Amino acid sequence: TQEWTVRNELLFAPGELVDPVKFADTEKNIWERGTFKDLKILLEPVGESGDTINVQVIVQERFSWSISTSAQYNKAVVGVEFCNVAGMPQSLEQKMAFNYRKDNPYTVYGGYEYDNIRHSHIDVMAEYQYENLSKGADVALIRNFFSSTCRWAGYVQGGLYRDLGSLPNPYAAAIPTNIYYNWQDIWLATSMPFDEGLTGKNSALRWVVAGRLYRYQYLQRPYKISEDGSQIFLNHSYILGSVGLATWDYYVAQDVFSLHKSEYFSKGFNASLIFGLDNDEEYGQRFYSGVRLNCGNYFHGFGYLNSRISYGGFSGQSGYNQLLLKISQRIFSETVQLGPKMRMRQIVSASVNYGFRRPDDKLIAMNNYNGVRALYVNNIRGNRTYVLNFENDFYANFKVLGFSSALFAFADLALTQQKSYRGGQFDQAVGLGIRLRNLSLGIGYFEVSFVYYPHLDIPGFKPYTVTGTTDLTRGINPDNLFVAGGLSPDN
């Protein structure tokens, strides 16, 4: 790594007063670049007076390449990623997927990213995809909130694609479509300190005002909605604004969802009001309004607790409809020592998605992203979902052939209902898995899991699956106005 690459990430400069928050934010930013195996920031007093310090930033290099290999429900992927290319903050990724389909046997995709252009904290990235059924590319300029003193953040993203076929579900035959579409997404946010008289001089609470414009447009399509309703090609756009409170504070932990890597979880209270216009080609222009509240806290001797609640809906000529109330609770405990070679922790989440006055094509899907893991179909839908996930993780305090590892067992329970308070479809998943890390072999993260579904009734879907991935697919992501995802309609 070239020295200026690390200096670009420093939020402090010679001659400044020491600000612990700037040092913490610097460490967080360097970790989240994913370039180094370890890092330390050391403060060394100079002279007898003790009013001056030297700062030493030490980074431990890792191999600049990493393996990207996985076996998923619909494909096997092999690839390689090169980060820190030429010692500079840039990365290059190339993958090839072997799909379990005769009509779409392979996918080639990759991307390039350059971080923190000229100390501006602006990143540029581009990705492409090429396969029988889909061809296209995305580009983006992104500036995230990188410190408590950062006043603005935003991004500009867009993509252009050509799809020759559509898949109603992963097991169905491809339906010829020949569609041509593009999308654009623009987000801009500004942060201002909260009144010190109300929160104290060192408060991490900020006012945030944000706006977002999203547009998804078809340039060519055979129809808007197919006769059987399985294929939908509708233009959609929205412009939203928001004002709220966000807390720039976080809890740092290791060995939660990753291995031997600092992970950051938001702390404190966050609230936002969201409002704006949503333009759906099927339902026309509607006014969206919603509110989001969430709070994250660490309790010594217990662990981390993240609580979220949101409520929103659309108002138009037919009144206030497509309403959604979401409540979720995520918890991970502190680790408990099980002898000299093993530690254990629990990860528990519970959530409720409660819909009102929702049309049939806007029902809530219960799947991997909203209930039972490794279930990547939308067959199970309803107005309400109730989900409970429990996971027990066992972390080894030793390495085998250079591999750090964690074993885990899990159980997922989900109830999906239509409009009745009684009955509904009850689904379960139980399984075992292992997570691995070996930076000497270029493996930053690799997870393999076996999942069994008792009584699952989906045509063509087996009652079990084995998946492997190099991506962190589960976690507790921030949900406030410091990130663009905090400004979108819950639909």
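Along the sequence shown, the residues carry numbers beginning at 1. None of the values given here were measured: they were computed from a predicted structure.
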Let's go through Y106 and E131 carefully: what are the C-alpha distance in whole Å and the side-chain angles of both, what is the deciding distance for side chain to side chain donor-acceptor pair (under 3.5 Å) to 0.1 Å, and is it a yes or a no? CA-CA 6 Å; Y106 68 91; E131 63 180 32; over 6 Å; no

Starting from the C-alpha separation in whole Å, work towards a yes-or-no answer on side chain to side chain donor-acceptor pair (under 3.5 Å) for D412 and N389. CA-CA 5 Å; D412 300 335; N389 307 111; 2.9 Å; yes

Using the ring pair (Phe, Tyr, Trp, His ring centres under 6.0 Å) rule, take Y216 and H236 through it: C-alpha gap first, then chi angles, then the decisive distance, then the call. CA-CA 5 Å; Y216 193 100; H236 183 215; 8.4 Å; no

Intermediate values then yes/no, side chain to side chain donor-acceptor pair (under 3.5 Å), N397 and Y395: CA-CA 6 Å; N397 294 333; Y395 306 92; over 6 Å; no

Check the pair S147 / K22 against side-chain contact (heavy atoms from CB on, under 4.5 Å), numbers first and verdict last. CA-CA 7 Å; S147 76; K22 287 186 177 181; over 6 Å; no

Between Q329 and S307, is the side chain to side chain donor-acceptor pair (under 3.5 Å) condition met? List the steps. CA-CA 5 Å; Q329 188 74 65; S307 306; 2.7 Å; yes

Between V78 and F98, does a side-chain contact (heavy atoms from CB on, under 4.5 Å) hold up when you go through it step by step? CA-CA 8 Å; V78 60; F98 300 93; 3.8 Å; yes

Steps toward side-chain contact (heavy atoms from CB on, under 4.5 Å) verdict (I142, I122): CA-CA 6 Å; I142 299 175; I122 296 176; over 6 Å; no

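The number of heavy atoms from other shown groups lying within 6.0 Å of CZ (R162) is above 12.
Side-chain contact check for N392 and Q346: at least one donor-acceptor pair (N or O, by modelled atom type) lies under 3.5 Å. Q184 and R215 share a donor-acceptor pair across their side chains, judged by distance under 3.5 Å alone. Checked by atom type, the side-chain pair E263/S258 shows no donor-acceptor distance below 3.5 Å. For the residue pair D278 / Y214, no side-chain donor-acceptor distance below 3.5 Å is found, with atom types taken as modelled. Side-chain contact annotation: Y304 with N297, donor-acceptor N/O pair under 3.5 Å absent. Side-chain contact, T1 with N84: a donor N or O sits under 3.5 Å from an acceptor N or O. In this structure, a donor-acceptor pair under 3.5 Å is absent between the side chains of Y128 and D138. Checked by atom type, the side-chain pair N480/T247 shows no donor-acceptor distance below 3.5 Å. N270 and N294 are linked by a side-chain donor-acceptor pair at a separation below 3.5 angstrom, with hydrogens and angles left out of the test.
Salt bridge R373/E391: present, at least one basic N to carboxylate O contact under 4.0 Å. Between R33 and E9 there is a salt bridge, with a side-chain nitrogen of the basic residue lying less than 4.0 Å from a carboxylate oxygen of the acidic one. Using a 4.0 Å cut-off between charged side-chain N and carboxylate O, K326 and D479 make no salt bridge. Here E27 does not pair with K40 in a salt bridge; the nearest charged N to carboxylate O distance is not below 4.0 Å.
Closest heavy-atom contact between M366 and A414: SD-CB, 3.8 Å. Considering all non-hydrogen atoms of both residues, A374 and T467 come closest at CB-CG2, 4.3 Å.
In this structure, K28 satisfies the cation-pi test against Y264, with its NZ or CZ atom closer than 6.0 Å to the six-membered ring centre and inside 45 degrees of the ring normal. In this structure, R143 forms a cation-pi arrangement with W152, its terminal cationic atom sitting closer than 6.0 Å to the ring centre and no more than 45° off the ring axis. Cation-pi contact between R435 and F408: present, with separation from the ring centre below 6.0 Å and deviation from the ring axis of at most 45°. Annotation: cation-pi pair K135/Y130 present, NZ/CZ under 6.0 Å from the ring centroid and within 45° of its normal.
A distance-only check finds no donor-acceptor pair linking the side chain of E447 to the backbone of G433 [under 3.5 Å]. Panel note: side chain S449, backbone L432; no donor-acceptor pair is recorded below 3.5 Å. The backbone N or O of G475 lies less than 3.5 Å from a partner atom in the side chain of R330, making a donor-acceptor pair. Within the 3.5 Å criterion, the main-chain N or O of Y369 finds a donor-acceptor partner in the side chain of N367. When atom types are taken as modelled, the side chain of N353 and the backbone of L325 share no donor-acceptor pair closer than 3.5 angstrom. A donor-acceptor pair under 3.5 Å is formed between the side chain of D25 and the backbone N or O of S148. Of the possible polar contacts, one joining the E16 side chain to the A13 backbone as a donor-acceptor pair under 3.5 Å is found. Listed for the R308 side chain is no donor-acceptor partner under 3.5 Å among the backbone atoms of S328. Q337 places a side-chain N or O within donor-acceptor distance of the main-chain N or O of G339, the cut-off being under 3.5 Å. Side chain of D123 to main chain of N116: a donor-acceptor pair is present (N/O by atom type, distance under 3.5 Å, no hydrogens or angles).
Residues Y250 and P478 fail the side-chain proximity criterion, which asks for heavy atoms closer than 4.5 Å.
Between Y161 and Y181, the ring planes lie parallel to each other; the angle is under 30°, not in the 30° to 60° tilted range. Note: H119 and H121 have tilted aromatic rings, judged against thresholds of 30 and 60 degrees for the angle between ring planes. In this structure, F332 and F257 have perpendicular ring planes: the angle between them is above 60°, well past the 30° mark.
Between S404 atom OG and F398 atom CZ the span is 10.5 Å, to the nearest 0.5 Å.
Partners of Q56 under the side chain to side chain donor-acceptor pair (under 3.5 Å) rule, at least two apart in sequence or in another chain, do not exist in this structure.
The only option from V6, T26, L42, L39 that meets the side-chain contact (heavy atoms from CB on, under 4.5 Å) definition with V57 turns out to be V6.
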